*Asks:* 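The following block contains the structure, expressed as structure tokens.
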Amino acid sequence: MIQRKADRARKCNHAIAALKRSIAGVGSTGGCREDFAVKTMVKSAALGFAAVVAMAAAAQAASTIQVSLWDKGADTPMTPGFAYGTPNLDMSKATMGITATPATAKAGKVTFKVKNSSKDTIHEMIVMYLANPKDPLPYIAAENRVDEDKAGDKGEVSELDPGASGTLTVNLKPGKYVLICNVPGHFATGMWTEFTVKP
């Protein structure tokens, strides 16, 4: 009888010990699950933050504009009368010009990659802000060029030899701009193009 009671007591003790181990195991497993969940949340938050930073960096990256400065050759006479603001212009008849691709950009940093596509003539590109797009640019007739100081010069790629290239990066606010070549006589011959900066 005493032996049976002792056996029962041992069995009970074993059962209680097994139950404790089982509970401890569940607690441990639950803790592991909680740790895993926390680590997963931290990783997700870090990845989300990295994505936001990357998007912000992309937003701050400069828009790139390809600019070509062209003419119909030194043998073609320069034909005046094609200055910006001149009414009823037929720009297809201009003997010089500027092409910007694309012709729009978002406000902020804008990079102009400029190539003088001419075979024999020096050209340049100047960015002018148009306070009033309907007004012509201030012009110094005696010098056959735009008055850069009065016109709102925002930066330039100065005189490029034929075939040469240059780069300009500027911060531009929303509004209307015009890109011009201000080598004497060139602006009036049609070397300008409109450019828009959007918010």
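Since we're looking at a predicted model, the values are computed, not measured. Note that these values count all heavy atoms, side chains included, but never hydrogens, waters or copies made by symmetry.
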*Asks:* Is any side-chain heavy atom of M96 less than 4.5 Å from a side-chain heavy atom of F82?
*Replies:*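 Side-chain contact under 4.5 Å: no.
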*Asks:* If you compare all heavy atoms of P174 against all heavy atoms of P199, which two are closest, and at what distance to 0.1 Å?
*Replies:*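 Reported closest heavy-atom pair: CG-CA, 3.8 Å.
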*Asks:* Quick one: pull up CD1 in I122 and OG in S158 and give me the separation to the nearest 0.5 Å.
*Replies:*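 OG of S158 is found 11.5 Å from CD1 of I122.
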*Asks:* Any side-chain heavy-atom pair from I65 and V110 closer than 4.5 angstrom?
*Replies:*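 Of all side-chain heavy-atom pairs linking V110 with I65, at least one is under 4.5 Å.
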*Asks:* Is a side-chain N or O of D71 found less than 3.5 angstrom from the main chain of S118, in a donor-acceptor match?
*Replies:*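 It does not hold such a pair.
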*Asks:* Which heavy-atom pair separates L172 from F195 by the least distance, and what is that distance?
*Replies:*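 Where L172 meets F195 most closely, the heavy atoms are CD1-CE2, 4.3 Å.
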*Asks:* Counting distance only, does the side-chain N/O of Y84 pair as donor-acceptor with the main-chain N or O of P133 below 3.5 Å?
*Replies:*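 Pair found, side chain donor or acceptor close to backbone of P133.
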*Asks:* Mark yes or no for whether Y177, through its side chain, and E194, through its backbone, hold a donor-acceptor pair below 3.5 Å.
*Replies:*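 No, Y177 side chain to E194 backbone: no donor-acceptor pair under 3.5 Å.
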*Asks:* Got a sec: does the NZ of K72 have more than 12 other heavy atoms crowding it under 6.0 Å?
*Replies:*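 Counting other residues, nucleotides and ligands, NZ of K72 exceeds 12 neighbours.
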*Asks:* Please check if any side-chain donor atom of S117 sits under 3.5 Å from a side-chain acceptor atom of S68, or the reverse.
*Replies:*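 Judged by distance alone, the side chains do pair up.
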*Asks:* For the side chain of K115 and the backbone of G163, is there at least one donor-acceptor N/O pair under 3.5 Å apart?
*Replies:*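 Between the backbone of G163 and the side chain of K115 there is a qualifying donor-acceptor contact (under 3.5 Å).
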*Asks:* Check whether any side-chain heavy atom of W192 lies under 4.5 Å from a side-chain heavy atom of V146, and answer yes or no.
*Replies:*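 Side chain of W192 against side chain of V146, heavy atoms only: no contact under 4.5 Å found.
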*Asks:* Under a 4.5 Å side-chain heavy-atom rule over Ile, Leu, Val, Met, Phe, Trp and Tyr, are L179 and V114 clustered together?
*Replies:*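 Yes, one cluster joins them.
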*Asks:* Shortest non-hydrogen contact from G190 to M91?
*Replies:*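 That would be O-CE, 3.7 Å.
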*Asks:* To the closest 0.5 Å, what do you measure between NZ (K154) and CG (N171)?
*Replies:*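 Reported value, rounded in 0.5 Å steps: 11.0 Å.
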*Asks:* For residues M78 and T95, report the shortest heavy-atom separation together with the two atoms involved.
*Replies:*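 The pair with the smallest heavy-atom distance is CA-OG1, 3.9 Å.
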*Asks:* I'd like to check V197 versus K173 (side-chain heavy atoms, cut-off strictly below 4.5 Å). Are they in contact?
*Replies:*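 SC-SC contact between V197 and K173 ruled out.
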*Asks:* Mind checking whether Y139 and V183 sit in one hydrophobic cluster, side chains of I, L, V, M, F, W, Y counted as touching below 4.5 Å?
*Replies:*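 No; tracing contacts between hydrophobic side chains, which count when under 4.5 Å, never links both residues.
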*Asks:* To the nearest 0.5 Å, how far apart are CG in D120 and CG in D75?
*Replies:*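 That separation rounds to 7.0 Å.
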*Asks:* Below 4.5 Å, heavy atoms only, C-beta onward: do I98 and M191 meet side chain to side chain?
*Replies:*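 They are in side-chain contact.
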*Asks:* Is there a side-chain contact between I126 and E148 (heavy atoms, below 4.5 Å)?
*Replies:*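 In short, these two side chains touch, coming nearer than 4.5 Å.
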*Asks:* F187 versus L137: any side-chain heavy-atom pair under 4.5 Å?
*Replies:*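 Yes, their side chains come closer than 4.5 Å.
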*Asks:* Between OG1 of T64 and NZ of K113, what distance do you get to the nearest 0.5 Å?
*Replies:*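 Nearest 0.5 Å value for the OG1-NZ distance: 5.5 Å.
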*Asks:* When rounded to the nearest 0.5 angstrom, what distance separates NE2 in H186 from CG in L69?
*Replies:*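 Going from the NE2 atom of H186 to the CG atom of L69 covers 10.5 Å.
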*Asks:* Using modelled atom types and a 3.5 Å cut-off, is there a donor and acceptor pairing between side-chain atoms of N116 and backbone atoms of D161?
*Replies:*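 Such a contact is found between N116 side chain and D161 backbone.
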*Asks:* So how far is it from T169 OG1 to F112 CZ, rounded to the nearest 0.5 Å?
*Replies:*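 The OG1 atom of T169 sits 9.0 Å away from the CZ atom of F112.
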*Asks:* Walk me through it: do Y129 and V178 pass the test side chain to side chain contact (heavy atoms under 4.5 Å, CB included)?
*Replies:* CA-CA 7 Å; Y129 174 70; V178 63; over 6 Å; no
*Asks:* Taking side chain as C-beta onward, heavy atoms only, is T167 less than 4.5 Å from T111?
*Replies:*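 The answer is yes; the side chains approach within 4.5 Å.
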